[in-house]
Asker: 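Take a look at the following structure, please.
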Amino acid sequence: MHVKLRTALFVALAVFGAIASAQDGPQSLPSIKLSAGMHVIQAEVANTPDERSIGLMFRKSMPTNDGMLFSFEEPGQQCFWMKNTLLPLSVAFIDDDGSVANIEDMKPQTLDSHCSVKPVRFVLEMNDGWFAKRGIKPGMKLRGPPFNH
């Protein structure tokens, strides 16, 4: 009996450890190409609640023109914070047609909330200052598969 119980406990701990370690590292998601004027973005796409909740957490670096696009089922006020996110990021809240509603800069490892100024379905996180350095402002449009209606 003790051997079976010990084996069951070991299996349960191994499964829990695998799940916990998967959440302690960065995720890797399929990506798409977006464009902001002449600038090309390689954006991983977070479609599910689990993918969106992990986002860019635990990454220590990100290539200059890479980012993550968060896609939601319905437009809503989207709010983001940076718990367990090691990189300073800029976030653009984007309408269905690709129009940027607003852009916020976010400090790493904080719980400060950064929200869309109106209901949106898309949120794009890039390295800190990426949008400002390229002159991308609210009202400008991004192009790519989610916005090509």
Side-chain angles (χ1 to χ4, degrees), residues 10-149:
F10 176 76
V11 169
L13 287 172
V15 168
F16 176 75
I19 291 169
S21 68
Q23 293 176 352
D24 288 342
Q27 65 181 336
S28 179
L29 301 172
S31 63
I32 60 172
K33 284 193 188 306
L34 302 174
S35 63
M38 64 182 218
H39 306 284
V40 177
I41 300 163
Q42 190 70 33
E44 290 183 48
V45 181
N47 283 314
T48 69
D50 286 342
E51 292 169 350
R52 291 189 299 256
S53 70
I54 296 169
L56 291 170
M57 285 183 182
F58 309 111
R59 297 208 186 182
K60 294 180 180 165
S61 66
M62 188 167 60
T64 302
N65 293 315
D66 284 14
M68 184 168 284
L69 181 69
F70 297 80
S71 176
F72 295 86
E73 292 77 20
E74 298 291 327
Q77 183 181 40
Q78 309 302 337
C79 293
F80 279 58
W81 45 273
M82 299 281 284
K83 182 181 179 185
N84 296 324
T85 305
L86 308 174
L87 304 171
L89 299 172
S90 292
V91 61
F93 298 95
I94 306 166
D95 286 328
D96 281 358
D97 69 353
S99 297
V100 175
N102 62 301
I103 298 170
E104 302 284 329
D105 292 328
M106 303 188 296
K107 290 183 174 37
Q109 300 183 338
T110 62
L111 295 176
D112 300 340
S113 191
H114 303 272
C115 301
S116 59
V117 294
K118 64 184 200 172
V120 297
R121 278 194 331 121
F122 301 102
V123 179
L124 178 62
E125 288 181 341
M126 299 293 290
N127 284 306
D128 183 47
W130 191 92
F131 300 102
K133 288 174 189 165
R134 287 153 185 83
I136 298 165
K137 300 178 186 280
M140 298 179 89
K141 283 192 177 189
L142 300 184
R143 303 269 180 235
F147 315 123
N148 298 338
H149 296 312

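Computed from a predicted structure; not experimentally measured.
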Asker: Apply side-chain contact (heavy atoms from CB on, under 4.5 Å) to M68 and L29, showing your working.
Answerer: CA-CA 9 Å; M68 184 168 284; L29 301 172; 4.0 Å; yes
Asker: Quick one: list whatever passes side chain to side chain contact (heavy atoms under 4.5 Å, CB included) with L86, sequence neighbours left out.
Answerer: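 Here the qualifying residues are K60, Q109.
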Asker: What distance do L87 atom CG and M126 atom CE have between them, rounded to the nearest 0.5 Å?
Answerer: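 CE of M126 is found 12.0 Å from CG of L87.
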Asker: Sequence neighbours left out, what passes side chain to side chain contact (heavy atoms under 4.5 Å, CB included) with T48? Give chain and number order.
Answerer: D50, E51
Asker: For K141, give me all partners under side chain to side chain contact (heavy atoms under 4.5 Å, CB included), at least two apart in sequence or on another chain.
Answerer: D97, S99, R143
Asker: To the nearest 0.5 Å, tell me how far Q78 CD sits from S116 OG.
Answerer: 5.5 Å
Asker: What residues form a side chain to side chain donor-acceptor pair (under 3.5 Å) with D105, not counting sequence neighbours?
Answerer: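 So D105 forms a side chain to side chain donor-acceptor pair (under 3.5 Å) with S90.
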Asker: With sequence neighbours excluded, tell me which residues meet side chain to side chain contact (heavy atoms under 4.5 Å, CB included) with P75.
Answerer: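 P119, R121.
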Asker: Sub-3.5 Å donor-acceptor pair from the side chain of N127 to the main-chain atoms of P63, do we have one?
Answerer: yes
Asker: Please set out all donor-acceptor pairs under 3.5 angstrom arising from side-chain atoms of residues 32-39, sequence neighbours excluded.
Answerer:
unit_1, atom_1, unit_2, atom_2, d
K33, NZ, Q42, OE1, 2.9

Asker: Which residue pairs pass the disulfide (SG to SG under 2.5 Å) test with at least one member in residues 60-115, sequence neighbours excluded?
Answerer: C79-C115
Asker: Kindly state each residue pair satisfying ring-ring contact (aromatic ring centres under 6.0 Å, His included) with at least one member in residues 80-120, sequence neighbours excluded.
Answerer: F70-F80
Asker: Do I41 and L124 come close enough that some side-chain heavy atom pair is under 4.5 Å?
Answerer: yes
Asker: So how far is it from F147 CZ to L142 CG, rounded to the nearest 0.5 Å?
Answerer: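 Those atoms lie 5.5 Å apart.
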Asker: Answer yes or no: is there a side-chain heavy-atom contact under 4.5 Å between M62 and L89?
Answerer: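 Result yes, sub-4.5 Å side-chain heavy-atom pair found.
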Asker: Give every residue pair that meets the salt bridge (Lys or Arg N to Asp or Glu O under 4.0 Å) criterion with at least one member in residues 122-140, sequence neighbours excluded.
Answerer: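 Residue pairs with at least one partner in residues 122-140: there are none.
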Asker: For E44, which residues count as a salt bridge (Lys or Arg N to Asp or Glu O under 4.0 Å) partner, sequence neighbours excluded?
Answerer: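 Listed in chain order: R59.
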Asker: Could you tell me which residues satisfy salt bridge (Lys or Arg N to Asp or Glu O under 4.0 Å) with D95, sequence neighbours excluded, listed by chain and number?
Answerer: K118
Asker: Taking all heavy atoms of T110 and all of K107, pick out the closest pair and write down the distance.
Answerer: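 Smallest interatomic distance, heavy atoms only, reads OG1-O, 2.9 Å.
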Asker: Can you measure from CG (L69) to OG (S71) and round to the nearest 0.5 angstrom?
Answerer: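 Reported value, rounded in 0.5 Å steps: 6.0 Å.
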Asker: Scan residues 74-88 for pairs that pass salt bridge (Lys or Arg N to Asp or Glu O under 4.0 Å), counting only residues two or more places apart or in two chains.
Answerer: none
Asker: Say you draw a straight line from OG of S113 to CE of M82; how long is it, rounded to the nearest 0.5 Å?
Answerer: 12.5 Å
